[in-house]
Engineer: 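There's a structure below that I have some questions on.
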Amino acid sequence: MTFGDQGFPYGPPDPFAQYAAEQHRIEQHRIEQERIEQGRIRRRRRNRRAAVAGIGAVLVAAVAAGVVRAAGDDGDGPAAAPPAATAGPSGTRSAVPSVDASLPSDAPSSLPSLLARPVIRPEQAFPSKSVRLGDGSRYSRVDLATTTDCARGMSAELAELIQQGEKCSRLTAALFTDSDRRSQVTVSVLSFARVEDATRVFMMASMDPVTYQVVSLDPPPEAGLPTVPPGSAGVFRRVMTVRSVVFANGQWGDGSESGEAELTAQTEGLLKHVMDTVVAYEDGKTGQAGDAGEAGESG
């Protein structure tokens, strides 16, 4: 399995991230007022933890019922690739915040039985080498890889964030290209034993998709596709299912920054296709994954 460059998104922060940031700001203000009224001193770190936990509980209530309510959207309109958000003047990474995520008290009674199923395996998440979407567009899967050593396929910050809970159960990634062999879209399924850990990842990846992201697969030599130039612009999306976060990273093979609308449609179409498959499995609508798989696995 060969993971490539992370790349940078087109456009401004996504609408969901803006909403989450606004909720964060409101919650911080509320906590500060409580601090003043009660005469206690609390650090800003505590404020951020409370804000994220409050928003996360709402998300978990939705996804635990097996319904995806929110998808990351990195905005409209082309833009130059932004500088890496994690690098400071000294070249050190910014600190990963402590993020609390917990199940709401009204979580569905069916959740324990759904979580008792094994996490989705590669052949269950990506059963076909050829994909046809509802709009008639066709894609070929040119690579498939899976690992239980999830840190290998993500940014250091995302790996550190995951360490705040239980480790991820499995990361499976598939690389697709369109019928013209111009696009390269990596769709990754990051699965957890606990809903809370998936929620933590989804929240932070939605608020800061550059810092907290899985990385794309480089095409294998036999695919006959070019490797996307480092730092190329791309479209980055994500959704949460019951216990997984599904990421989609779309880029043109030559690193082009034009054709954003077409690339966005391809990326979002493939993301929805895989999301539907994962949701069907995690909701118990399809059978349990078998032990045999076609993906190259390590870990």
Side-chain angles (χ1 to χ4, degrees), residues 16 20 52-72 99-128 131 144 146-150 153-154 158 161-174 187-206 212 214 237-248 268 270-295 297 299:
F16 177 79
V52 175
I55 303 169
V58 176
L59 284 174
V60 171
V63 301
V67 181
V68 178
R69 298 294 189 187
V99 181
D100 289 335
S102 59
L103 284 175
S105 58
D106 59 347
S109 59
S110 61
L111 184 59
S113 63
L114 296 179
L115 296 179
R117 294 161 58 88
V119 298
I120 193 167
R121 289 188 59 86
E123 69 278 4
Q124 193 80 5
F126 303 100
S128 303
V131 172
L144 178 64
T146 188
T147 182
T148 55
D149 183 10
C150 301
M154 61 184 62
L158 181 53
L161 177 71
I162 290 174
Q163 291 177 0
Q164 295 180 18
E166 294 185 7
K167 70 176 186 177
C168 97
S169 299
R170 181 173 294 276
L171 170 63
T172 299
V187 184
S188 304
V189 180
L190 182 61
S191 299
F192 296 86
R194 305 192 311 163
V195 174
E196 304 94 306
D197 297 323
T199 302
R200 180 184 294 107
V201 167
F202 178 73
M203 280 299 307
M204 294 305 293
S206 295
Y212 301 96
V214 296
R237 300 289 190 266
R238 70 220 62 84
V239 296
M240 182 173 168
T241 59
V242 175
R243 67 196 303 176
S244 301
V245 183
V246 185
F247 296 82
E268 292 179 347
L270 285 166
L271 175 63
K272 183 181 184 303
H273 173 79
V274 176
M275 178 197 73
D276 289 345
T277 302
V278 175
V279 167
Y281 172 78
E282 292 184 346
D283 274 355
K285 297 176 181 177
T286 60
Q288 293 190 3
D291 294 330
E294 59 180 293
E297 179 174 354

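For the numbers below, each heavy atom of this structure counts, side chains included, while hydrogens, waters and symmetry mates do not. By convention here, the first residue in the shown sequence is residue 1.
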Engineer: Taking all non-hydrogen atoms of both residues, which atom of Glu282 and which atom of Ser244 are closest, and how far apart?
Structural biologist: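 Between these two residues, the closest heavy atoms are OE2-OG, 2.6 Å.
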Engineer: Please report the shortest heavy-atom distance between Leu271 and Ala248, naming the atom on each side.
Structural biologist: CB-CB, 3.8 Å
Engineer: Sequence neighbours excluded, which residues qualify as side-chain contact (heavy atoms from CB on, under 4.5 Å) partners of Gln163?
Structural biologist: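 Residues passing side-chain contact (heavy atoms from CB on, under 4.5 Å) with Gln163: none at all.
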Engineer: Please report the interatomic distance OH(Tyr212) to CZ(Phe202), rounded to the nearest 0.5 Å.
Structural biologist: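 Between Tyr212 OH and Phe202 CZ, I get 15.5 Å after rounding to 0.5 Å.
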Engineer: Calculate, to the nearest 0.5 Å, the distance between atoms NZ and CG belonging to Lys167 and Asp149 respectively.
Structural biologist: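 Interatomic distance, Lys167 NZ to Asp149 CG, rounded to 0.5 Å: 8.5 Å.
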Engineer: For Ser191 and Val119, which heavy atoms make the closest approach, and how far apart are they?
Structural biologist: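 Smallest heavy-atom distance, with atoms named: CB-CB, 4.0 Å.
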Engineer: Which residues pass the side-chain contact (heavy atoms from CB on, under 4.5 Å) test with Ala198, sequence neighbours left out?
Structural biologist: Phe192, Met240, Val245
Engineer: Nearest 0.5 Å, what's the CD1-OG1 distance between Ile120 and Thr277?
Structural biologist: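 Here the rounded value is 7.0 Å.
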Engineer: Tell me the closest heavy-atom pair linking Arg170 and Pro122, and the distance in Å.
Structural biologist: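 The pair with the smallest heavy-atom distance is CD-CD, 4.1 Å.
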Engineer: Step by step, work out the side-chain contact (heavy atoms from CB on, under 4.5 Å) result for Leu171 and Phe247.
Structural biologist: CA-CA 11 Å; Leu171 170 63; Phe247 296 82; over 6 Å; no
Engineer: Where is the tightest heavy-atom contact between Leu115 and Ala193, given as atom of each residue plus distance?
Structural biologist: CD2-O, 4.0 Å
Engineer: So, taking the atom named CE in Met154 and the one named SG in Cys168, what distance separates them when rounded to the nearest 0.5 Å?
Structural biologist: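 If I round to the nearest 0.5 Å, the distance is 5.5 Å.
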Engineer: Is there a side-chain contact between Val278 and Val242 (heavy atoms, below 4.5 Å)?
Structural biologist: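 Answer no - side chains too far apart.
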Engineer: Taking Arg117 for its side chain and Tyr281 for its backbone only, find out whether a donor-acceptor pair lies under 3.5 Å.
Structural biologist: yes
Engineer: Can you tell me if Glu166 uses its side chain to pair, donor with acceptor, with the backbone of Asp197 under 3.5 Å?
Structural biologist: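 Not at all, since once roles are kept as given, no pair shorter than 3.5 Å links the two residues.
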Engineer: So which heavy atom on Ala125 is nearest to which on Val189, and how close?
Structural biologist: CB-CG2, 4.3 Å
Engineer: Could you state the interatomic distance from CE (Met275) to CZ (Arg237), rounded to the nearest 0.5 Å?
Structural biologist: 14.0 Å
Engineer: In sequence, state the C-alpha distance, the side-chain angles, and the governing distance for Ile162 and Leu190, and then conclude on side-chain contact (heavy atoms from CB on, under 4.5 Å).
Structural biologist: CA-CA 11 Å; Ile162 290 174; Leu190 182 61; 4.1 Å; yes
